[in-house]
Amino acid sequence: MSELGQASAEAVELLLSGDAVLWSIISVSFSVSLRAIAIATPIALFAAFTLAYTSFPGRRMLVTATNTLMAVPAVVIGLSVYLLLSRGGPFGDLRLLFTQSAMIIGQILLCLPLLIAMAHAAFQSGDQRAWETALTLGATRWRAMRTVMYEIRFGLLAAVIAAFGRIIAEVGCSMMVGGNILYHTRNIPTAIALETSKGAFSQGIALGMVLLGFALLLNVALGYAQGSGEIDR
Amino acid sequence: MSTEASTNLIEVRDLNLTLAKRRVLNIESVVIRRGEIIMLAGNNGSGKTTLLKIIAGLIRAPEAHFRCLGSPMNGEQAAAFCRGRHVYLHQTPYMFDGSVEDNVAYGLKQRGRDFAQRRIEIRDALAWAELEHLVHRHAHELSTGEKQRVALTRARILAPSLLLLDEITANMDSISRRRTYEMVADFKRAGSTVVFATHDHEPLEAIADVRLELSKGKLAPTDRRAAAVIPLRRDSSIHES
């Protein structure tokens with residue numbers, strides 16, 4: 001217990017002292033995951049909208065596939081991306097393996113199914129009349145889609161936050177395709193795994209604190225945006 | 001027949017629609033002419049909403065043949081033509097998350113009106129509906145009757161050629177109903193055609209020019225004028241594709 005207490009005290013000291021290594025790890029983590037979510041979100045929202053508001057052969061199968069892909073472990077996604085980007089793989093010539101770009105690709109693939117499934121559920125629970133009202137008042141389909149998205153924005157925001165939570169904390173994919181290279185591809189989860197394996201807990205705890213603090217911040221922001229959380233009467 | 005000169009807003013023929021393996025509509029022919037208030041009576045489940053949404057362009061009827069302002073069209077073309085030109089109001093109106101002003105402004109924004117022009121038109125339209133005092137109120141805080149008046153204002157400001165009302169007085173008290181009928185009559189005076197679906201016949205008959213009855217997806221005239229709206233002889237010039 002005293003060891004944990006001492007490690008925690010050291011962790012706080014590391015954070016407050018502006019340790020260069022620690023803050024580079026935090027910077028890589030947020031830089032990679034924010035870029036991944038920024039790319040994945042518009043794709044996922046459009047796909048979810050299409051699944052919810054259009055009818056085409058195979059739609060039900062796509063919904064089932066999306067829900068199934070949510071359960072794929074990060075390490076399996078990492079392995080797939082590794083095979084695609086490694087020298088012998090179809091995209092080996094791009095020389096992306098062990099770069100932040102590879103990590104971004106892996107994280108996009110990791111969060112897309114979750115984003116699509118949660119956004120699809122948000123669209124389904126939304127009111128069909130919003131779509132019809134927008135169209136009948138002269139909105140184009142594109143504009144009506146944006147109106148519907150605005151009307152269910154809190155559900156969509158919750159989907160984005162959940163997806164971001166998944167990728168910022170995943171270790172398997174980042175470790176495999178990033179390689180855990182300090183100042184380049186070492187992010188919070190891979191650093192925690194490495195430091196823990198070395199028995200150096202203080203940095204791991206400090207990084208864990210950052211993750212926890214960020215999760216708290218996101219949820220407070222979401223709660224504030226949603227208002228009181230009561231049902232609209 | 002030229003598009004502008006046509007006295008018929010829309011003609012539909014062979015309107016057969018099946019949804020979820022159930023025949024919803026089976027209408028041989030129907031014509032909606034300019035400047036009339038058409039009362040569309042029918043029980044719940046008779047197909048009124050589906051018919052109105054087809055005419056509004058919100059539901060496609062791929063096998064039906066249309067003639068919009070005199071131009072023959074297939075189901076796809078007709079839906080694209082009608083959407084945004086014909087305004088449909090739900091039984092319980094949907095209010096966008098925003099103020100009454102935001103809701104009334106929505107259609108004008110789609111038509112590219114600038115801010116100053118919008119302000120003038122919104123002020124006039126809210127005055128028409130006696131809703132000026134609610135202009136900054138959040139639309140979700142309104143009563144059902146007030147929401148319906150905002151929805152009518154939102155339509156009025158667009159001056160639609162055809163207004164499709166889907167049992168909008170179903171949840172209103174008698175005073176609100178009377179006020180709504182006056183507003184509907186105003187639409188006609190302003191040059192709009194109105195189709196008013198209802199299952200409560202009495203009060204509307206005073207302002208309706210034509211009364212149609214929809215039963216189990218089939219349309220039947222209930223008076224001499226309505227017989228002209230449901231032509232028994234087919235117009236062979238309507239688009240066949």
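Here is the naming used below: chain letters follow the sequence lines, and residue numbers restart at 1 for every chain.
Side-chain contact check for B:F96 versus A:L137: some heavy-atom pair is nearer than 4.5 Å. Two residues are said to be in side-chain contact when any heavy atoms from C-beta on lie closer than 4.5 Å; B:D97 and A:R153 meet this criterion.
No donor-acceptor contact under 3.5 angstrom links the side chains of A:Q128 and B:Y94, judged on distance only.
When the shell of 6.0 Å around CZ of B:R23 is examined, it contains more than 12 heavy atoms from other residues, nucleotides or ligands. The 12-atom threshold is exceeded at CD of B:E132, counting heavy atoms of other residues, nucleotides or ligands nearer than 6.0 Å. The local environment of CZ in A:F91 is sparse, with at most 12 non-hydrogen atoms from other residues, nucleotides or ligands closer than 6.0 Å. Counting heavy atoms of neighbouring residues, nucleotides and ligands inside a 6.0 Å radius, atom CG of A:D93 does not exceed 12 of them. In this structure, B:H138 places its NE2 atom where more than 12 heavy-atom neighbours from other residues, nucleotides or ligands lie under 6.0 Å away. For B:R60, the CZ atom counts as loosely surrounded, since its 6.0 Å shell holds 12 or fewer non-hydrogen atoms of other residues, nucleotides or ligands.
In this structure, the portion of B:P93 lying under 4.5 Å from any heavy atom of chain A is its backbone and not its side chain. Of the two parts of B:Y106, only the side chain, counted from C-beta on, holds a non-hydrogen atom closer than 4.5 Å to a non-hydrogen atom of chain A. Looking at B:K53, the atoms closer than 4.5 Å to chain A (heavy atoms on both sides) all sit in the side chain, from C-beta outward.
Here A:T136 is the residue among A:T140, A:T136, A:T147 with the most heavy-atom pairs under 4.5 Å with chain B.
Using a distance-only test at 3.5 Å, with no hydrogens or angles considered, no donor-acceptor pair links the side chain of A:E132 to the main chain of B:L58.
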task: Check the pair A:R141 / B:R83 against side chain to side chain contact (heavy atoms under 4.5 Å, CB included), numbers first and verdict last.
output: CA-CA 10 Å; A:R141 285 173 178 274; B:R83 211 165 34 237; 3.5 Å; yes
Side chain to side chain contact (heavy atoms under 4.5 Å, CB included) between B:M95 and A:T133, intermediate numbers included: CA-CA 9 Å; B:M95 292 287 112; A:T133 303; over 6 Å; no
Could you tabulate the donor-acceptor pairs under 3.5 Å formed by side-chain atoms of residues 62-72 of chain A, not counting sequence neighbours?
unit_1 : atom_1 : unit_2 : atom_2 : d
A:T64  : OG1    : A:R60  : O      : 2.9
A:T66  : OG1    : A:L62  : O      : 2.7
A:N67  : ND2    : A:V63  : O      : 3.3
A:T68  : OG1    : A:T64  : O      : 2.7

